[in-house]
Protein chains: 2
Amino acid sequence: MSAGNAPPVGFEKHDHSACVAQALAAAEARCAAEGLRLTPVRRKVLELLLQKHRALGAYAILDLLRDAGFGSQPPVAYRALDFLAEHGFVHKIERLNAFVACSHPGETHSPAFMICRLCDAVAETQSTPAKGALGAAARAAGFHIEKTVVEAEGICPACAEKPKA
Amino acid sequence: MSAGNAPPVGFEKHDHSACVAQALAAAEARCAAEGLRLTPVRRKVLELLLQKHRALGAYAILDLLRDAGFGSQPPVAYRALDFLAEHGFVHKIERLNAFVACSHPGETHSPAFMICRLCDAVAETQSTPAKGALGAAARAAGFHIEKTVVEAEGICPACAEKPKA
DNA sequence: TCTTGGCATGTTATTTCATATCCTGTCTTG
DNA sequence: CAAGACAGGATATGAAATAACATGCCAAGA
Ligand SMILES: [Zn+2]
Ligand SMILES: [Zn+2]
Ligand SMILES: [Zn+2]
Ligand SMILES: [Zn+2]
């Protein structure tokens, strides 16, 4: 039971309800355009991740799904998450074994994350990992990169200001 | 104690027994120099990871520890791995929930990994994630990076040559 | 010396994360 | 109205990680 807190996330303030509505609408539009099926469960999972605006474990999502009247067995959440992740609506944070809604919907991108080790806030940004030393090493080794995971752990600005209090 | 000649990747052939022995000796020397305790279990885990020369899950290591006469409960492996990872002798591959011996012993470094999705081979190289777009984003956001996880998934040269055999 | 405290290890049990498998209902399409 | 694809519900199990407690060792300090 690691519930309870509602630590602010993203790193900046913003009009959250609008942000959620807009992202959901964008997802629906894209699914319609591409023939993807944004079913009730999938939509609900995306909505939950957008609303919470933080990384959630599959079982936390499952609890919320149950509260919303959906199935509450692990595969329900994992299947929805697989779909959403496969199409770029959400990302998995390997470091946390958790999922977060994408902050850059629509654009194909190679995401990078900044994860606060104190409050677990997660911010998404873009990365170009194959352009630097890693890309050079891959070419030299004959390795073909298909996907990259880039996750930076550290301290978010909010936590940096209140050192311990 | 640097292996100066070897390229920064692990997809190539090499004199493996020498490589294991040298790395173990280097680890022992460094522990002696820094007052770290490379106990039998810790040494064995490092030796196993060096010998297998691939990423191993904690429970796979545990099986090998059992065969070698050590304790066989999860904490035994996890504690040894924690020690080794904390001091940079091994790295955790988040993507695989597995551990691999460090290829650049001694030097402080920010590792990056290339992981073959077909054969699970892992090669370690250096990365400078904080120097590129990620670093810029972190500065802009006021995020203080302490550690980065960089893991590229793709196809290794060996698997690229045998398309499906 | 004795003892006390830190530390590594062993052991048991539990929690947390993820997948395999089977079955049912609902569309779609010929 | 079949036949097939696919989403989702349910049960069960596997895999990864940690909590909590107990024992033995050794070195500093009384
Ligand atoms: Zn994204
Ligand atoms: Zn924080
Ligand atoms: Zn390394
Ligand atoms: Zn391979």
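Every chain is numbered from 1, with letters handed out A, B, ... down the list of sequences. Since this is a predicted model, take the numbers as computed values, not measurements. Only heavy atoms go into these numbers, but all of them, side chains included; no hydrogens, no water, no symmetry mates.
Rounded to whole angstrom, the span from the CG atom of Leu96(A) across to the P atom of dT16(C) amounts to 15 Å. If you measure from atom CZ of Arg43(B) to atom P of dA8(C), you get 18 Å, rounded to the nearest angstrom. The CD-C1' distance, from Gln73(B) to dT14(C), rounds to 13 Å in whole Å. With rounding to whole Å, Lys92(A) atom NZ is found 10 Å from dC17(C) atom P. Per the geometry, CG belonging to Leu56(A) stands 15 Å off P belonging to dT16(C), to the nearest Å. For the pair Arg95(A) CZ and dC17(C) P, the computed distance is 15 Å after rounding to whole Å.
Within the 4.0 Å cut-off from OP1 or OP2 of dT9(C), not a single side-chain nitrogen or oxygen of Lys44(B) is found. Taking only side-chain nitrogens and oxygens, Asn97(B) never comes nearer than 4.0 Å to OP1 or OP2 of dC17(C).
Projected onto DNA chain C by closest heavy-atom contact, Tyr59(A) and Arg79(A) fall at different nucleotides, the more 5' of which corresponds to Tyr59(A). Projected onto DNA chain D by closest heavy-atom contact, Pro74(A) and Val41(A) fall at different nucleotides, the more 5' of which corresponds to Val41(A).
Between the side chain of Tyr78(A) and the base of dA20(C) there is no donor-acceptor pair of N/O atoms closer than 3.5 Å.
The CG atom of Leu50(B) lies 8.0 Å from the NE2 atom of His53(B); values are rounded to the nearest 0.5 Å. Distance check: Tyr59(A) OH to Leu62(A) CG gives 7.0 Å after rounding to the nearest 0.5 Å.
Using a 4.0 Å heavy-atom distance criterion, Arg37(A) is classed as a sugar-phosphate-only contact.
Note: His109(A) and His91(A) meet the aromatic proximity criterion, with ring centroids under 6.0 Å apart.
You'll find the side chain of Val122(B) stays beyond 4.5 Å of the side chain of Arg54(B), heavy atoms only.
A salt bridge is defined here as a Lys NZ or Arg NE, NH1 or NH2 lying under 4.0 Å from an Asp or Glu carboxylate O, and Asp63(A) with Arg66(A) meets this definition.
With a cutoff of under 4.0 Å to any heavy atom of chain B, the contacted region of DNA chain D is bounded 5' to 3' by dA16(D) to dA19(D).
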Verdict with supporting geometry, Glu153(A) and Lys147(B), salt bridge (Lys or Arg N to Asp or Glu O under 4.0 Å): CA-CA 5 Å; Glu153(A) 182 179 338; Lys147(B) 173 183 195 280; 5.1 Å; no

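Partners of Gln51(B) by side chain to side chain donor-acceptor pair (under 3.5 Å), not counting sequence neighbours, listed by chain and number: Glu47(B).
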